[in-house]
Amino acid sequence: MKKIIFLSLLSLSISSGFSQEKARTTCQDSDEGFIYEADRFADIRILKYRIPCFDQLTADQRKLVYYLTQAGLAGRDIMWAQNGQYNLAIRSVCESIYTQYRGDKENSDWLSFETYLKQLWMSNGIHHHYSNLKHQPQFSQQYFDQLLKESNVVCDDNLKRVIFDPKIAARKVEKDASKGLVENSSVNFYGPGITTAEALAYYESKIKAEDRTPLSYGINADLIKVDGKIQEEVYKVGGKYGRALEQVVYWLEKAEKVAENDKQAVALRKLILFYKTGDLKAWDDFNIQWARATEGDIDFIHGFVEVYNDPLGNRGSYETIVEINDFEASARMKTMMDHAQWFEDNSPTDPAFKKDKVVGITYKVVNVAGESGDANPSTPIGVNLPNAQWIRTMYGSKSVSLGNIEDANNKAGGSGILKEFAHDEDEIILAMNFGETAGKMHTAMHEVIGHASGKLKEGVAPSSQTLKEFASTIEEGRADLVALYYVMDPALVEWGLMPSLEVGMAEYDGYFRNGLLVQLRRLKLGEEIEEAHMRNRAWICNWIMEQAAKEKEPCVAYIKKDGKTFIDIKNYDEVRKLVAQLLNEVQRITSEGDYAAAKKLADGYGKHVDQAIHKEVLQRSDKLNIPPYNGFMNPVLVPETDDKGNIKDIKVTYMDSFAKQMLMYSKEYGFLK
Ligand SMILES: [Zn+2]
């Protein structure tokens, strides 16, 4: 529930030459010559990401990172098994063919087979990672039989039916209750014969409404029927997925010995206890200790975390991310947090709706050193955990953005989209020089200042109750407007957060280009804008365009060139005034809980898509041929040992072939085969 989804199409900025002079640590680690894109197939692009400045960590910290990434990969197969009961067997058959087949590999059938296997790798199973629908092979069963025979690989008939019959295991997670949530999902959480009603009843008897610190029931267990009675099959050492979890524990115990501080060590010990016993109390204890452990440079996500894959929302998918603090970016966040009150006091909103004492939201930028399970190859770009609300309230939570993942996405994108949708050379140069900084400033202000700002009028209920279905798009829009307002403020230049107001100009260009044109790439012709962030960008841009059009000399306008539509900002200061006006109104809507006004903005300006422009955007972007989804390849951490085999240090290396990395993972970490 707390995952920030990766929107590969929305990123437009590319490299800037600006270096952060006031940063605590300067990292002289250039990505010159690094090639980000590694592969393309179906609707997927595979990118590599770098770990910048790994050398600046101490040797023990590097070992800690290594042990944690090993602990993550050791459980990789759990995600495959959770995603569907046939996944590991199908993977094994296909990988055997892939490595043993010696016949013709130039024809279209073989390429279709290869694409199919890469699709399995991308989604840790036979269902698409985003749509949930089963991958349908683009080669015949006859060809598959030929491959099996010529490669000396055996595959039973049942597995073949699962691969080829579109009706079997058609979707991973069923969301339509009328079709049977448990009955119609092929995710591997429920044993044969268990109905939705039975699964719900099993947990209803355990959960007590008055319990203020409820356990995460079902987070680490499948439900099965034994002699007609339902019971849990718990993921733990000696239990379900025990062989993989033994390996996970082996590496976590090594990590615990080189922990950076006691809090981190305690958290790791609780996690080990959880994997050894399956005890839900240990899971809560781990999350509490983890939320408290904020001092280290290294952090990690490890466990059965997100519950989207369970149609009933109880079971957690195995997920791991190892994180290294990005000191430079975190210093920027800190400067912002230190000025939180200044931002509140100087905001263009009604003083009645300002906080007397504002506390910035703690938000860190980290660089990923390794991901596994639910987080790889498809990854979030930000994570906010733990999930249990009572732990968040009592012990705090951590919100991180995955900086090097975003960088990889930005840099791999190249300038294709920018050049197509920017209206002139100035806009392109501005984006090339300041786009990346602009994007980072926007994210930082949106998260640290935007969401923390403003207050409700006395007696008004939270937005979720007053603004209802519009609450999230209004809140995201409000945070965006705060960021847009301040990114053109000279004070930020004064504090050394950005080199000049050109950053703000690049941000305005990019925001309108995206909100009115580029983001439409994500929609099919005829669809309306639903997703909260996409919608808020649309209503902000459309509202400002409408106001500007009333002026004699509009500060921002559509222009047509060679039959193509562009946005031209002619006066950035005037646009900023409209941003201020809209921010003031949106804060009022939030503070007063004005449902009608929220609906007018979100529906009236944010939902409908101009069909002619949409068609044009799709045509223009189709030509650029950039796949809509990104997957990521982990760097490979290699231990350096002394004569006795003791690990002395860790080096970062990068693989170039997605297929090789996936085959290596299956071989080295295939503990559930
Ligand atoms: Zn937000």
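Start at 1 and go down the list; that is how both ligands and their atoms are numbered.
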Aromatic ring pairing His339/Trp495, orientation class (parallel under 30°, perpendicular over 60°, tilted between): parallel
Exercise: identify the closest heavy-atom pair between Ser401 and Tyr363: CB-OH, 2.8 Å
Of the N, O or S atoms in Glu476, the one nearest the Zn ion (ligand 1): OE1
Aromatic plane relationship, Tyr486 with Phe343 - under 30° parallel, 30 to 60° tilted, over 60° perpendicular: perpendicular
N/O/S from Asp480 sitting under 2.8 Å away from the Zn ion (ligand 1): no
Side chain to side chain contact (heavy atoms under 4.5 Å, CB included), paired with Ser453, selected from Lys355, Met445, Arg478, Lys354: Arg478
His533 near the Zn ion (ligand 1) via N/O/S, less than 2.8 Å: no
